[in-house]
Amino acid sequence: MAFIFEYIVLNVFKAYTYKPTLVKKKYFDNVFGAILSQGLYIPVSATFITVFGKKLKWKLGFTFFYYCIERLFIFLKIYKINWWKPIYTVILLPVYYLLSDFFYKGLEKQKIMAKKLAHYLTIMVIETIFMYVLAYNGQIRFGIKHLYSIRLHFMIAPVYCIFMSFISTSLAKEKGFFFRIVHLFSYKVVDVILIKTGIMALNRHYFKWRIFSQSLMVVTARIIYLRIFRNDNR
């Protein structure tokens with residue numbers, strides 16, 4: 001959920017910029033900062049609060065902690081705000097923690113929609129990080145009519161991940177080798193369409209390995225499904 005929020009706020013509306021200087025490429029450094037924030041720090045704190053049943057004071061405590069961190073990062077100039085305000089963090093983080101509690105209760109009660117959403121979001125995060133690594137290594141680029149700027153790539157790549165994760169979620173639940181092939185074939189079909197329309201470009205050295213990386217995602221999606229829905233498959 002934090003990844004989707006970050007895509008809208010960071011990639012689309014440029015609310016702020018991360019400058020952790022952890023990777024050499026400037027815009028990749030910005031996105032890597034977002035991955036650490038929304039893919040690690042914030043979700044881990046939400047998971048801790050939810051799983052251990054921490055009450056309001058813990059939620060407010062973590063909110064204040066991240067507010068202070070945000071202020072510190074602004075002071076150290078490793079985080080620059082454009083139109084975002086730290087007070088928004090104070091308002092939205094408790095809401096996020098409450099959503100985490102609500103979502104976890106759904107999982108505890110084995111609610112089918114909660115498990116489907118968990119499956120989808122897990123695949124989406126893995127797909128997104130995987131695409132980031134491939135883009136950083138120059139293996140893949142997204143653009144429009146052969147214009148492959150880094151910013152444009154990070155506008156389109158998450159949409160690709162959101163769409164392909166939906167396909168993965170739909171097919172991973174099906175049993176048998178046949179549906180693994182169908183799943184893999186769906187990747188190839190989307191690739192061909194995007195390449196033909198100039199939306200996707202693959203490094204020629206990576207092109208022959210593309211089927212391996214897609215096979216990895218097919219297998220991963222199935223394993224995650226079996227893990228989340230293990231009680232339903234007994």
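Bear in mind the structure is a predicted one, so any value in this text is a computation, not a measurement. Heads up: numbering here begins at 1 and tracks the sequence. Because only heavy atoms are used, hydrogens play no part in the values below, and waters and symmetry mates are left out as well, while side chains stay in.
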**Q** Going through the distances and angles, do R210 and K188 end up as a side chain to side chain contact (heavy atoms under 4.5 Å, CB included)?
**A** CA-CA 9 Å; R210 181 70 171 152; K188 302 308 295 181; 4.1 Å; yes

**Q** Any idea which heavy atoms bring W83 and Y88 closest together, and the distance?
**A** O-CE1, 4.0 Å

**Q** Do S168 and T220 touch side chain to side chain, with heavy atoms closer than 4.5 Å?
**A** no

**Q** What is the distance from atom OG1 of T50 to atom CG of L107, rounded to the nearest 0.5 Å?
**A** 10.5 Å

**Q** Looking at Y104 and T47, would you say the former's side chain and the latter's main chain have a donor-acceptor pair under 3.5 Å?
**A**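 Answer holds: no.
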
**Q** Side-chain contact, heavy-atom cut-off 4.5 Å: N11 with P158?
**A** yes

**Q** For I74 versus P86, what's the shortest heavy-atom pair and its separation?
**A**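 Between these two residues, the closest heavy atoms are CD1-CG, 4.2 Å.
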
**Q** Checking N137 side chain against Q139 main chain: does a donor-acceptor pair fall under 3.5 Å?
**A** no

**Q** Rounded to the nearest 0.5 Å, how far does CG of L72 lie from OH of Y67?
**A** 12.5 Å

**Q** Donor-acceptor pair, distance only, cut-off 3.5 Å: does the side chain of K59 make one with the backbone of K54?
**A** yes

**Q** Going by heavy atoms in the side chains, are I150 and V31 under 4.5 Å from each other?
**A**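 Not in contact.
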
**Q** Is there a path of hydrophobic side-chain contacts, each under 4.5 Å between heavy atoms, that joins F3 and F166?
**A**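 Same cluster: F3 reaches F166 through Ile, Leu, Val, Met, Phe, Trp or Tyr contacts under 4.5 Å.
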
**Q** In the single-linkage hydrophobic clustering (I, L, V, M, F, W, Y; side-chain heavy atoms under 4.5 Å), do V218 and W209 co-cluster?
**A** yes

**Q** So do Y206 and S213 actually touch side chain to side chain, heavy atoms under 4.5 Å?
**A**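 SC-SC contact between S213 and Y206 confirmed.
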
**Q** In terms of ring plane angle, is the pair W84 and F5 parallel, tilted or perpendicular, where the classes change at 30° and 60°?
**A** perpendicular

**Q** Assess whether side chain to side chain contact (heavy atoms under 4.5 Å, CB included) is satisfied between F64 and C68, documenting all intermediate values.
**A** CA-CA 6 Å; F64 180 70; C68 293; 3.5 Å; yes

**Q** Pick out which of F130, Y132, F142 makes a ring pair (Phe, Tyr, Trp, His ring centres under 6.0 Å) with Y160.
**A**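 Single pass found, and it is F142.
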
**Q** Do V51 and F102 sit in one hydrophobic cluster, given that two such residues count as connected whenever their side-chain heavy atoms are within less than 4.5 Å of each other, even indirectly?
**A**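 Each belongs to a different hydrophobic cluster.
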
**Q** In the single-linkage hydrophobic clustering (I, L, V, M, F, W, Y; side-chain heavy atoms under 4.5 Å), do L216 and I140 co-cluster?
**A**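 No, L216 does not connect to I140 through the hydrophobic network.
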
**Q** Just checking W58 against Y97, ring centres under 6.0 Å apart?
**A** no

**Q** Test your reading of the model: is there a side-chain donor-acceptor pair from D29 to the backbone of V23, 3.5 Å cut-off?
**A** yes

**Q** Determine the interplanar angle of the F28 and Y136 rings, folded into 0 to 90°, and report it as parallel if under 30°, tilted if 30 to 60°, perpendicular if over 60°.
**A** perpendicular

**Q** How far apart are the closest heavy atoms of S165 and M124, and which atoms are they?
**A**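 Closest pair (atom of S165, atom of M124, distance): OG-CA, 3.1 Å.
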
**Q** From F62 CZ over to Y41 OH, what is the distance, rounded to the nearest 0.5 angstrom?
**A** 14.0 Å

**Q** Quick one: does R141's side chain have a donor or acceptor within less than 3.5 Å of a partner on A135's backbone?
**A** yes

**Q** For R222 and V219, indicate whether the former's side chain and the latter's backbone hold a donor-acceptor pair under 3.5 Å.
**A**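 Not a single qualifying donor-acceptor pair exists.
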
**Q** Would you find more than 12 non-hydrogen atoms of other residues, nucleotides or ligands less than 6.0 Å from R204 atom CZ?
**A**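 Result for CZ/R204: open.
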
**Q** Working note: F65 + S45, criterion side chain to side chain contact (heavy atoms under 4.5 Å, CB included); need CA distance, chi angles, decisive distance, verdict.
**A** CA-CA 11 Å; F65 171 75; S45 68; over 6 Å; no

**Q** For the backbone of K85 and the side chain of Y16, can you confirm whether one donor and one acceptor N or O come within less than 3.5 Å of each other?
**A**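 No, Y16 side chain to K85 backbone: no donor-acceptor pair under 3.5 Å.
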
**Q** With a sphere of 6.0 Å drawn around NZ of K14, does it hold more than 12 non-hydrogen atoms of other residues, nucleotides or ligands?
**A**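 Incorrect, the count does not exceed 12.
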
**Q** Between D191 and M200, what is the shortest heavy-atom contact and its length?
**A**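 D191 and M200 have their closest heavy atoms at OD1-CE, 3.3 Å.
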
**Q** Please determine whether side chain to side chain contact (heavy atoms under 4.5 Å, CB included) holds for the pair S186 and L171, giving the CA-CA distance in whole Å, both sets of side-chain angles, and the decisive distance to 0.1 Å.
**A** CA-CA 10 Å; S186 69; L171 293 173; 4.2 Å; yes

**Q** Of all the heavy-atom pairs spanning K80 and K19, show the shortest one and how long it is.
**A** CD-NZ, 4.1 Å

**Q** Any side-chain donor-acceptor pair under 3.5 Å between T128 and Y7?
**A**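 There is no such pair between these side chains.
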
**Q** Donor-acceptor check, side chain of H119 to backbone of A221, threshold 3.5 angstrom: yes or no?
**A**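 Yes; at least one donor-acceptor contact below 3.5 Å.
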
**Q** With a 4.5 Å cut-off on side-chain heavy atoms, are L152 and Y148 touching?
**A**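 No; the side chains remain at least 4.5 Å from each other.
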
**Q** What closest approach, in Å, do P94 and T89 show between heavy atoms, and which atom pair accounts for it?
**A**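 Nearest heavy atoms, P94 then T89: CD-O, 4.2 Å.
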
**Q** Between F177 and I181, is there a side-chain heavy-atom distance shorter than 4.5 Å?
**A** yes

**Q** Aromatic rings Y225 and F229: how do their planes relate, parallel, tilted or perpendicular, breaks at 30° and 60°?
**A** parallel

**Q** Looking only at atom types and distance, does a side-chain atom of T197 sit under 3.5 Å from a main-chain N or O of I193, one as donor and one as acceptor?
**A** yes

**Q** Would F212 end up clustered with I195 when hydrophobic side chains under 4.5 Å apart are linked, directly or stepwise?
**A** yes

**Q** Does any part of the side chain of M217, heavy atoms only, come nearer than 4.5 Å to the side chain of Q214, both counted from C-beta?
**A** no

**Q** Within the structure provided, determine whether F179 and K173 are in side-chain contact (heavy-atom separation under 4.5 Å).
**A**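 Contact flag for F179/K173 side chains = no.
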
